[in-house]
Amino acid sequence: RVYKRSAVSFPTRLVLPDGCAVFTLGGEGEALWSRTFDRPDPLGQIEFQEDKESAPSRAYLKLWESFCLLGAWPAPSERCLDLGSSPGGWTWVLASLGAKVLSVDRAELDPRVSALPGVEFHKGDAFKVLPGAYGEVDWLCCDVIAAPERLLALVEGWIAARAAKHFICTLKFQGRADPVLVAEFEKLGKVVHLHHNKHELTFLR
């Protein structure tokens, strides 16, 4: 029986059917197979029923996929900080889940997003937001365009201050990913390449 998952509607917890396995051909006369997976989709290709009307950008798909990998997402009234948020794709996701969102960016949010219940926008530099400046947050989300070294320093600071419970941050490398830098992130959490990442990586904690 061939396994194929149809496009899913978020939010949902993805569960693999019993007996699922994947295989690929190796060298001549060699086949590699596995029955264990570290993702809720064996091929790592989670397709969603997209919302092309409400979302200001397709970046929201990365956050949906991250939540599916974690098997968890913000509960209503949980506090979320979205750093580097404009035009607001991630803020839109968080607000749609009923979370309270503090959205920070130098550029304004899409007006449709800033008008959503529970959204508060602060204009400013994401990297100048100090840990705990807005109290403890349940989720720190960051899809800002910046050198991964700066993001590492930001994440380390928030973890050291115990100012955020969960992290979802995008690592944007110029050219090839730096394995040394990736290893530093892996000391703090999990680094994955999402189906919707393209040339990026995502840090989860």
Here the pair of heavy atoms bringing V191 nearest to E186 is CG2-CG, 3.7 Å

Apply side-chain contact (heavy atoms from CB on, under 4.5 Å) to residues V129 and L102 and explain how you reach the verdict.
CA-CA 11 Å; V129 178; L102 177 61; over 6 Å; no

Could you check whether any side-chain heavy atom of R13 comes within less than 4.5 Å of a side-chain heavy atom of W73, counting everything from C-beta outward?
yes

Checklist entry - For R112, does the CZ atom have more than 12 heavy-atom neighbours from other residues, nucleotides or ligands under 6.0 Å away? => result yes

*Give the cluster check for L204 versus L188: same hydrophobic cluster or not, with ILVMFWY residues linked at side-chain heavy-atom distances below 4.5 Å.*
no

Test item: V113 and P87 side chains (from C-beta on) under 4.5 Å apart, heavy atoms
no

Counting only heavy atoms from other residues, nucleotides and ligands, does the tally under 6.0 Å from CD of Q174 exceed 12? no

Are L130 and L83 linked, directly or through other ILVMFWY residues, by side chains that come within less than 4.5 angstrom of each other? no

Note: R150 and D125 closest approach over all heavy atoms is NH2-OD2, 4.4 Å

When every non-hydrogen atom of V93 is compared with those of F10, the smallest separation belongs to CG1-CE2, 4.5 Å

Could you state whether L140 and L201 fall into the same hydrophobic cluster, counting links through intermediate Ile, Leu, Val, Met, Phe, Trp or Tyr residues with side-chain heavy atoms under 4.5 angstrom apart?
yes

Heavy-atom side-chain contact between V101 and T91 under 4.5 Å | yes

Would you mind reporting whether L63 and W139 have side-chain heavy atoms less than 4.5 Å apart?
no

Heavy atoms of F127 and L151 approach each other most closely as CE2-N, 3.9 Å

Look at the side-chain heavy atoms of Ile, Leu, Val, Met, Phe, Trp and Tyr, link any pair under 4.5 Å apart, and say whether L97 and L70 land in one connected group.
yes

Heavy-atom distance under 4.5 Å between the side chains of S114 and E108, does that happen here?
no

Partner of Y134 under side chain to side chain donor-acceptor pair (under 3.5 Å), picked from E120, R79, H122, is H122

When rounded to the nearest 0.5 Å, the distance separating CH2 of W92 from CG of D82 is 13.5 Å

The reported gap from CZ in R205 to SG in C169 (rounded to nearest 0.5 angstrom) is 11.0 Å

* Asked: Considering only heavy atoms from C-beta outward, does the side chain of L194 approach that of E200 to under 4.5 Å?
  -> no

*Electrostatic pair E184-K187, nearest N-O below 4.0 angstrom*: yes

NZ of K62 to NZ of K198, rounded to nearest 0.5 Å, is 9.0 Å

Let me check something: do L69 and L171 share a hydrophobic cluster, defined by ILVMFWY side-chain heavy atoms less than 4.5 Å apart, either directly or through other members?
no

Using ring centroids (six-membered ring only for Trp), state whether W158 and F167 fall under 6.0 Å. no

Report yes if some heavy atom in the side chain of F48 is under 4.5 Å from a heavy atom in the side chain of H196; otherwise report no.
-> yes

Check your understanding: Does any non-hydrogen side-chain atom of E136 lie less than 4.5 Å from one of R162?
Key -> no

Taking every heavy atom of A126 against every heavy atom of L154, the minimum-distance pair comes out as O-CD1, 4.1 Å

The reported gap from CD1 in I46 to CG in L61 (rounded to nearest 0.5 angstrom) is 11.0 Å

What one should report as the nearest heavy-atom pair of D105 and S85 is OD2-N, 3.0 Å

Checklist entry - Got a donor-acceptor contact below 3.5 angstrom from the W90 side chain to the C142 backbone? => result no

Checklist entry - Crowded around I145 CD1? As in, over 12 foreign heavy atoms under 6.0 Å? => result no

How about H193: does its NE2 atom have over 12 heavy atoms from other parts shown lying under 6.0 Å from it?
yes

When rounded to the nearest 0.5 Å, the distance separating CG of L116 from CZ of F121 is 14.0 Å

Here the gap from I168 atom CD1 to L94 atom CG, rounded to the nearest 0.5 Å, amounts to 8.0 Å

